[in-house]
Amino acid sequence: MNKPPYPHPIIAREGWPFLAGIVLVSIVVSFWSGAASIPFWLLSIFVLQFFRDPPRIAPEGEFNVLSPADGRIVAVEEVHDSYADRNALKISVFMNVFNVHSNRSPVKGSVVSVNYFAGQFFNASLDKASLENERNATVLLTEHGHVVTAVQVAGLVAKRILCYIKPGDPLYAGQRYGFIRFGSRVDVYLPPGSRPRVAIGDKVQATSTVLAELPDAIADLPE
């Protein structure tokens, strides 16, 4: 088992302003009325758990595709990957508001492209969310020549997709590269011949769960 380097705080930095704000309000209301402050303290606890960002252990295996997010599998299907212009196996992870929303790289590789698409905010568990919601698509190339696409998809209440990488950046498997606030999904597109290791309905954890295994060798970099 491998524990990827983790230079990030346990509470995601994306949540610090939200947490500081609601805790401050809770303290102020507490001075006025202890009973009235209870809902605010409960909201503080919710915000704290939403922005937790724990380190994870990555299973060994150079062809493993790791889950990029915590959540539940809502799709395992053969589709066309329009971001890399090829046929692909798509595996989708849906995150509810109680899941960790930090996004991790599914494989070790270099960033080929990062493209943002404006869109709608349908429930992220719906199939149409993959193509119609606001999303950010990252195409990765592994050292063995596999092309893997990871797409951050905004959800019903998610209004901000955060991505911290750019073309040319190297990523290790399980590396934190983005965050989606308040409900969303991540779609992973894999080369044909990839072997899924999860099924619809399975609960998965970012970095710790293997979604699939890549073929032994393939070169499908989009032209």
Side-chain angles (χ1 to χ4, degrees), residues 1-4 52 54-84 86-109 122-133 135-140 142 144 146-156 158 161 171 173-180 182-218 220:
M1 306 292 280
N2 299 315
K3 185 175 182 179
R52 68 195 188 281
R56 295 282 171 74
I57 302 297
E60 294 182 354
E62 60 181 332
F63 295 112
N64 284 345
V65 178
L66 308 180
S67 179
D70 285 18
R72 176 173 54 86
I73 301 297
V74 294
V76 180
E77 57 186 343
E78 300 286 342
V79 299
H80 180 74
D81 174 10
S82 60
Y83 309 104
R86 45 81 185 264
N87 293 326
L89 170 69
K90 183 180 82 170
I91 301 178
S92 299
V93 180
F94 170 71
M95 294 172 277
N96 64 38
V97 294
F98 298 105
N99 292 129
V100 173
H101 278 61
S102 177
N103 299 144
R104 325 289 178 93
S105 176
V107 294
K108 178 182 177 181
F122 296 115
N123 188 321
S125 64
L126 302 176
D127 289 340
K128 65 180 180 179
S130 290
L131 299 176
E132 298 186 36
N133 278 21
R135 58 202 182 278
N136 189 77
T138 299
V139 178
L140 303 168
T142 74
H144 296 287
H146 304 90
V147 170
V148 175
T149 305
V151 185
Q152 299 166 284
V153 183
L156 187 63
I161 294 175
L171 296 178
Q175 180 172 339
R176 186 186 196 277
Y177 78 92
F179 199 94
I180 314 177
F182 303 115
S184 47
R185 72 189 274 169
V186 179
D187 297 328
V188 181
Y189 296 84
L190 305 173
S194 298
R195 300 174 291 277
R197 292 292 178 262
V198 292
I200 293 175
D202 287 354
K203 292 182 178 180
V204 297
Q205 284 192 324
T207 303
S208 300
T209 302
V210 176
L211 295 185
E213 294 179 7
L214 295 170
D216 290 345
I218 188 170
D220 55 352

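Keep in mind that this is a model prediction, so the values were computed, not measured.
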*asked:* Can you confirm whether the side chains of Arg56 and Ser208 place a donor and an acceptor under 3.5 Å from each other?
replied: no
Practice item. Could you tell me whether Arg104 and Asp70 make a salt bridge, using a distance below 4.0 angstrom between a side-chain N and a carboxylate O? Key: no
(request) Take the angle between the ring planes of Tyr83 and Tyr189 and call it parallel below 30°, perpendicular above 60°, tilted in between. (result) perpendicular
Check your understanding: Side chains of Val147 and Arg86: closer than 4.5 Å at any heavy-atom pair?
Key -> yes
Side chain proximity check, Val186 to Val151, heavy atoms < 4.5 angstrom:
no
Distance col, row Lys90:NZ vs Thr149:OG1, nearest 0.5 angstrom, shows 12.0 Å
Closest non-hydrogen atoms of Pro106 and Ala173, given as atom of the first, atom of the second and distance, are O-CB, 4.5 Å
Those residues at least two apart in sequence (or on a different chain) that pass side chain to side chain contact (heavy atoms under 4.5 Å, CB included) with Glu213 are Asn64, Arg195, Arg197
Separation between CD1 (Ile73) and NZ (Lys203), nearest 0.5 Å, reads 12.5 Å
CG (Leu211) and CG (Asp202) are apart, to the nearest 0.5 Å, by 10.0 Å
For Arg52, the salt bridge (charged side-chain N to carboxylate O under 4.0 Å, His left out) test, sequence neighbours excluded, returns none
Sorted by chain and number, sequence neighbours left out, side-chain hydrogen bond (donor to acceptor under 3.5 Å, both in side chains) with Asn136 holds for Gln152
* **Validation row: Ser194, Pro215 side chains within 4.5 angstrom (heavy atoms)** => yes
Requested in this report: Measure the shortest side-chain to side-chain distance between Val210 and Leu66 over non-hydrogen atoms and say whether it is less than 4.5 angstrom.
Outcome: yes
ask   = Are side-chain heavy atoms of Val65 and Leu190 found at a separation under 4.5 Å?
value = yes
**Asked** Is the backbone of His101 close enough, under 3.5 Å, to the side chain of Asn99 for a donor and an acceptor to pair up by distance?
**Response** no
* Could you check if a side-chain atom of Asn87 sits within less than 4.5 angstrom of a side-chain atom of Pro191, using non-hydrogen atoms only? => no
Residues Pro196 and Leu89: closest non-hydrogen pair is CD-CD2, 4.0 Å
In terms of heavy-atom contacts, Tyr177 and Ser105 come closest through CD2-N, 3.6 Å
Interatomic distance, OG@Ser67 vs CD1@Ile91, rounded to 0.5 Å, equals 9.0 Å
Assess the residue pair Arg176 and Asn103 against the criterion (side-chain contact (heavy atoms from CB on, under 4.5 Å)); give the C-alpha distance rounded to whole Å, side-chain angles, the decisive distance to 0.1 Å, and a yes or no. CA-CA 6 Å; Arg176 186 186 196 277; Asn103 299 144; over 6 Å; no
Any side-chain heavy atom of Val100 sitting closer than 4.5 Å to one from Pro54? yes
**Request:** Please work out which of the three classes, parallel, tilted or perpendicular, describes the rings of His146 and Phe63, given edges at 30° and 60°.
**Result:** perpendicular
Looking only at heavy atoms, the pair that brings Val153 and Ser184 closest together is O-CB, 3.0 Å
ask   = Side-chain contact, heavy-atom cut-off 4.5 Å: Val93 with Thr209?
value = no
